[in-house]
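To start, the structure under review is shown below, and the notes come after it.
Just so we're on the same page: letters track the sequence lines, and every chain starts at 1.
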There are 2 protein chains.
Amino acid sequence: MSYSIGQVAEKLSISPYTLRYYDKEGLLPFVDRNQAGRRRFKDNDFNFLEVIICLKEAGVPVKQIGTFIDLCMTGDTTLQDRYDFLSEHEAKLEDKMARLQHTLDFLRWKKWYYKTALQAGTEQIHYLPGTNHVDPAVHAEFDKLVADGADPKALGNLAEGRAKA
Amino acid sequence: MSYSIGQVAEKLSISPYTLRYYDKEGLLPFVDRNQAGRRRFKDNDFNFLEVIICLKEAGVPVKQIGTFIDLCMTGDTTLQDRYDFLSEHEAKLEDKMARLQHTLDFLRWKKWYYKTALQAGTEQIHYLPGTNHVDPAVHAEFDKLVADGADPKALGNLAEGRAKA
DNA sequence: ATAGAATCTAGAGCTAACTCTAGGTCAAGC
DNA sequence: GCTTGACCTAGAGTTAGCTCTAGATTCTAT
């Protein structure tokens, strides 16, 4: 079974332009061509494409993905290098996810901040009296709610479906 | 207390160039200037900067951060808009983190793939006999280990510190 | 008073990752 | 046989987000 660039693009939800760009950058050395010079992807090629897409999603620059693919084409002598490459990017991804978790926490506290302001009708309830500066105690209050077991994701939600009878 | 652009840059680990760029893009309308036209950041400005940095980390484009800051400057009439904005980006961030978790899972399975290949000395142990195509059963084997309670993060780790006595 | 450092603006330059255009080749259906 | 659409390459264009340069202040420390 073999596939045209259009079929692969369709299947992976990537544009053919992008696939050709990847090829130009050396990411697709494993792809065959037919007599007319057109790319023919094999079933096994999807294993490589899966790795490429994974590394892209992990935030690895195209050039570095290229060096990884080079290692793959070289053979068993590069197994350790490939392992190390993946380990490195696993660690980076873990870091990134930890940072994003902090970002999410912050977003949720701010949502709660606006939820409570909305309920009061004004942001001023969060200001130090007589100023337009946020009272640090407001954040502390939120932290306390979380420490006391509240779900940070739910705390900021406006109860819209509360109208019942 | 007020701070120069250099001091703020230092404190936030951002370059002054970037801060000026943000200002140019309308992200810092709240920053005062002294008689000489130099920016003077107030303590309260760090609340805004914290939000800007959070949104950036969440992947929100600079232009959209600008519209959020505009809402902030407008006053209580925009509280609902600000809430909705944060809700939207909370949802997007949750999606992204779910995708990154899948990416991380994939990276870990590939690490295990290379760990076992390294231990065998060749990648061929994962190929269908007589081919250089990966045997789909290999991935299934990994999935089974995980289903049986193994830690996916630990499974791919080479036990380097095993030399003891 | 003055040298050196920090700041200002406007605008040019840079990089990554596409995205598209132009001009040509090739395969399938009428 | 001919048209239509997918494909090819080379290379130009685009966008976001910085990053830097030039030339002119302004502040700080001796």
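- Between the P atom of D:dT19 and the CD atom of B:E25 lies a distance of 14 Å, rounded to the nearest Å.
- Between B:G6 and B:K24, the residue anchored closer to the 5' end of DNA chain C is B:G6, taking for each the nucleotide with the nearest heavy atom.
- Within 4.0 Å (heavy atoms only), A:S15 reaches no atom of the nucleic acid at all.
- For the OP1/OP2 pair of C:dC8 and a distance below 4.0 Å, the side-chain nitrogens and oxygens of B:R20 include at least one atom meeting the criterion.
- Counting non-hydrogen atoms of neighbouring residues, nucleotides and ligands closer than 6.0 angstrom, the NE2 atom of A:H133 exceeds 12 such neighbours.
- Each of C:dC8, D:dC20, C:dC20 was ranked by its minimum atom distance to the side chain of B:I5; first place goes to C:dC8.
- Map A:T18 and A:N34 each onto its nearest nucleotide of DNA chain C; the residue landing nearer the 5' end is A:T18.
- Contact between the side-chain N/O atoms of B:K56 and the OP1/OP2 oxygens of D:dC18 is found at a separation under 4.0 Å.
- Residue-level contact check: B:P16 touches neither bases nor backbone, having no heavy atom under 4.0 Å from any strand.
- Phosphate contact (OP1/OP2 of C:dA17, side-chain N/O of A:Y22, threshold under 4.0 Å): absent.
- Cation-pi contact between B:K11 and B:F46: present, with separation from the ring centre below 6.0 Å and deviation from the ring axis of at most 45°.
- A:H126 and A:T116 get closest at one heavy-atom pair: NE2-OG1, 2.9 Å.
- Rounded to whole Å, atom P of D:dT26 lies 10 Å from atom CD of B:Q35.
- Taking atom CG of A:L19 as the reference point, atom C1' of D:dC8 lies 14 Å away to the nearest angstrom.
- Between B:V62 and B:A36, it is B:V62 whose nearest contact on DNA chain D lies nearer the 5' terminus.
- Below the 3.5 angstrom threshold, one finds a donor paired with an acceptor across the side chain of B:R38 and the base of D:dT25.
- In this structure, the CZ atom of B:R40 is 15 Å from the P atom of D:dT26, given to the nearest Å.
- A cation-pi geometry, defined here as NZ or CZ lying under 6.0 Å from the six-membered ring centre and within 45° of its normal, does not hold between A:K24 and A:Y21.
- With rounding to whole Å, B:F41 atom CZ is found 14 Å from C:dA6 atom C1'.
- At a threshold of 4.0 angstrom between heavy atoms, the contacts of A:R33 are confined to the sugar-phosphate backbone, with no base atom among them.
- Rounded to an integer number of Å, the gap from A:I53 CD1 to C:dA17 P is 15 Å.
- Here the side chain of A:S13 pairs no donor or acceptor atom with the backbone of A:A9 at under 3.5 angstrom.
- A continuous path of ILVMFWY side-chain contacts below 4.5 Å connects A:I53 to A:V62, so both sit in one hydrophobic cluster.
- Backbone-only engagement by A:R39 is indicated by non-hydrogen atom pairs under 4.0 Å involving sugar-phosphate atoms exclusively.
- When the side-chain nitrogen and oxygen atoms of B:Y17 are compared with OP1 and OP2 of D:dT21, none of them lie within a distance under 4.0 Å.
- Computed from coordinates, the A:Y21 OH to D:dC8 P distance equals 18 Å when rounded to whole Å.
- For the pair A:D32 CG and D:dC8 P, the interatomic distance rounds to 13 Å; values are reported in whole Å.
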